[in-house]
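Both ligands and their constituent atoms are indexed starting at 1 by order of listing.
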Amino acid sequence: MARYVFITGGVVSSLGKGLASAALGALLQARGYTVRLRKLDPYLNVDPGTMSPFEHGEVFVTDDGAETDLDLGHYERFTGVSARKTDSVSSGRIYSNVLEKERRGDYLGKTIQVIPHVTNEIKDFLRQGEDEVDFMLCEIGGTVGDIEGLPFFEAIRQFAQERPRGQCIFMHLTLLPYLAASGELKTKPTQHSVKELRSIGLQPDVLVCRSEHPIPDKERAKIALFCNVRPDSVIPAYDLKSIYEAPLAYHRAGLDQAVLDAFMISPAPKPDLSRWTDVMDRLDNAEGEVRVAVVGKYTQLEDAYKSIAEALTHGGLANRVRVKAEWIDAEIFEREDPAPYLQDFQAILVPGGFGERGTEGKIKAAQFAREKGVPYLGICLGMQMAVIEAARNLAGVTRAGSEEFDHEAGEKRFEPVVYHLKEWVQGNHTVARKVGDDKGGTMRLGAYSAHLEPGSRVAEIYGTTDIEERHRHRYEVDVKYRDRLEAEGLRFSGMSPDGRLPEIVEVKDHPWFIGVQFHPELKSKPFAPHPLFRDFVRAAKDKERLV
Ligand code: GLN
């Protein structure tokens, strides 16, 4: 039966709870344990699939097709453990399950209440897979005191009570603000946050204190005293130059030791941190820099393309080079020539996206990359735009476009080189969809296999002809244009196993031009960079001498 670590946050949001959880997962692994990480989000959306990337950052997709919070991406990048549907839940999902049961009559006429019905549903969620790992790390989204969060806090309190003693611990993240005027770190917000937790029956075992300044021993002792936590379980967490420093930094600060102490595991197994010292060595000793232009739509919020930014960093680690990604709003190229913006970059990436806005600019970026021999990686919408560009400018399909934009505009303007997919095969069954279906959870989602053409560039990069990658899209390149496009040098080098769905295209006589219908960035890890990102950065590095 797994031991449970519940991770909560206080004082302010965005303290890096997800990162602390992920780093703790990595450290427990380094000590030889198996782990699984989970996220419980108090918001009322059933899942983040319908939330705007501007508001909530990227939607992370799991192999089994769940649309989840971007923290699950951190969990995977730090532990290498593939997340599942059962690793992410929101209040919306919990309530919708409860209401479904109520309608079915499962509660036998009882009055449905937050306690016990909602809290039971949360506890059932927590218990899934409890026999599979040594440690289950469960992060509660939001901050203690949030109204929506209360059922989750109550559920973890009950859960810990129901388990044998010593099987669950609570870790709480807070902030120590610094007052420049008096030159002091203030502990009061942390005290209040712990007081709030204790008022709902939760006593933290480990306190992680974020601070921009060194925390003097005196303050640490004070926090321990006022918050009823052992002094060596008050863990300082300072700002880091890279998130990948977190496992080593938290280890130095004593986090994993404090957690094992709280479980009374003694002696603690010795950690093997070589995976993280190697990552840090590559980060610290990178030679030179390559600049990659990411031409997208959600450019104001960096979290909107979180996994892409990380996968580019991983590609840099593999090539021992720093990757500087710069985000350019695709709409600019609808008014202006892209050349002055793009000519100083060693590579261009067009990421995924939804809706027509900015797409003509992305098509211009793809054209620039193709004509000027600049390495190009098109992901999902970025592949679709590259195909439309080739159809228009090479194959003479002048009105080439995507049905997505016609559907959005409610009029037929394009020849649908990219069309709405209504039926596809998943494993051994067929999935069917209609235009106008609900938006939530109805895309082609999760891992699908693809077959790569032997001798193609992608087969060489992957070192195999059979791959599995994660998808999240509704529209698809129409295979009926294959012959016309291949005659013009756009090779369809990766296809779905039934040969119906184009998964990868590449431009034949080009240094590096690849479009993929899936999201390779979701599977990249710092200690195992994704082959496409590794080779894309290699091509960027080779393009010109390093700047
Ligand atoms: N909007 C496109 C589709 O639904 C691309 C989606 C994406 O880039 N993830 O097919």
Side-chain angles (χ1 to χ4, degrees), residues 47-54 56-63 65-68 70 73 294-299 303-309 311 327 330 348-363 365-366 376-389 391 400-409 414 416-424 426 431 433-448 450 469-479 481 496 500-505 514-523 532:
D47 66 38
T50 52
M51 285 158 109
S52 160
F54 286 123
H56 197 70
E58 147 190 296
V59 174
F60 190 80
V61 181
T62 59
D63 278 332
E67 296 178 280
T68 70
L70 54 74
V294 182
V295 182
K297 172 164 140 187
Y298 317 111
T299 47
D303 272 357
Y305 299 117
K306 189 73 196 155
S307 293
I308 288 184
W327 314 88
I348 297 169
L349 190 154
V350 176
F354 293 84
E356 186 170 10
R357 192 165 63 76
T359 51
E360 290 300 325
K362 293 177 187 177
I363 292 171
Y376 177 89
L377 176 57
I379 293 178
C380 208
L381 188 68
M383 165 193 178
Q384 298 173 355
M385 295 306 104
V387 172
I388 290 170
E389 189 278 316
S402 170
E403 255 190 326
E404 177 175 5
F405 314 145
D406 278 349
H407 288 159
E408 194 182 36
F414 294 117
V417 170
V418 177
Y419 70 105
H420 187 271
L421 185 69
K422 312 231 175 28
E423 216 178 85
W424 65 91
Q426 180 169 37
V431 187
R433 297 279 188 260
K434 294 188 299 297
V435 177
D437 272 351
D438 279 356
K439 287 274 182 277
T442 53
M443 280 185 265
R444 187 174 169 227
L445 283 168
Y448 284 85
E469 293 280 6
R470 295 185 195 167
H471 291 247
R472 181 175 187 248
H473 57 109
R474 218 170 248 120
Y475 297 84
E476 204 77 50
V477 171
D478 195 335
V479 70
Y481 293 91
S496 60
R500 281 176 57 209
L501 309 175
E503 294 277 7
I504 306 180
V505 296
I514 293 175
V516 293
Q517 186 57 73
F518 46 81
H519 290 274
E521 72 275 18
L522 302 179
K523 285 177 59 166
L532 283 173

**Message:** Are any of the N/O atoms on Gly352, whether in the backbone or the side chain, positioned under 3.5 angstrom from an N/O atom of ligand 1?
**Reply:** no
**Item:** Heavy-atom side-chain proximity of Arg470 to Phe60 below 4.5 angstrom
**Value:** yes
**Prompt:** Tell me: protein heavy atom nearest atom 10 (O) of ligand 1, and distance?
**Reply:** Tyr475 N, 2.8 Å
**Request:** For atom 1 (N) of ligand 1, grab the closest protein heavy atom and report residue, atom and distance to one decimal in Å.
**Result:** Glu404 OE1, 2.7 Å
**Prompt:** For atom 4 (O) of ligand 1, what's the nearest protein heavy atom and its distance?
**Reply:** Arg474 N, 3.0 Å
**Message:** Using side-chain heavy atoms (C-beta onward) and a distance below 4.5 Å, is Met383 in contact with Pro502?
**Reply:** yes
**Request:** Please determine if Glu67 and Arg472 form a salt bridge, counting it only when a charged side-chain N lies under 4.0 Å from a carboxylate O.
**Result:** yes
**Prompt:** So is there a nitrogen or oxygen of Gln517 less than 3.5 Å from a nitrogen or oxygen in ligand 1?
**Reply:** no
**Prompt:** Heavy atoms, side chains only, cut-off 4.5 Å: are Asp303 and Glu58 in contact?
**Reply:** no
**Gln384 touching ligand 1 at heavy-atom level, < 4.0 angstrom** = yes
**Request:** Indicate yes or no: at least one non-hydrogen side-chain atom of Val350 is less than 4.5 angstrom from one of Tyr376.
**Result:** yes
**Asked** With backbone taken as N, CA, C and O and side chain as the heavy atoms from C-beta onward, which portion of Arg472 lies under 4.0 Å from ligand 1: side chain, backbone, both, or neither?
**Response** backbone
**Request:** Decide, yes or no, whether a salt bridge links Arg444 with Glu503 under the criterion of side-chain N to carboxylate O below 4.0 Å.
**Result:** yes
**Request:** Specify the protein heavy atom at minimum distance from atom 5 (C) of ligand 1: its residue, its atom name, and the distance to 0.1 Å.
**Result:** Gly353 O, 3.3 Å
**Request:** Give a yes/no verdict on whether any heavy atom in Met443 is under 4.0 Å from an atom of ligand 1.
**Result:** no
**Item:** Side-chain touch Ile514/Ile504, heavy atoms, less than 4.5 angstrom
**Value:** yes
**Which residue and heavy atom of the protein sit nearest atom 7 (C) of ligand 1, plus the separation** = Cys380 SG, 2.9 Å
**Request:** Take Glu404 and Glu356, measure what side chain to side chain contact (heavy atoms under 4.5 Å, CB included) needs, and give me the verdict at the end.
**Result:** CA-CA 8 Å; Glu404 177 175 5; Glu356 186 170 10; over 6 Å; no
**Heteroatom proximity flag, Ile379 to ligand 1, N/O under 3.5 Å** = no
**Item:** Close-contact set for ligand 1 against His519 heavy atoms, below 4.0 Å
**Value:** 9 (N)
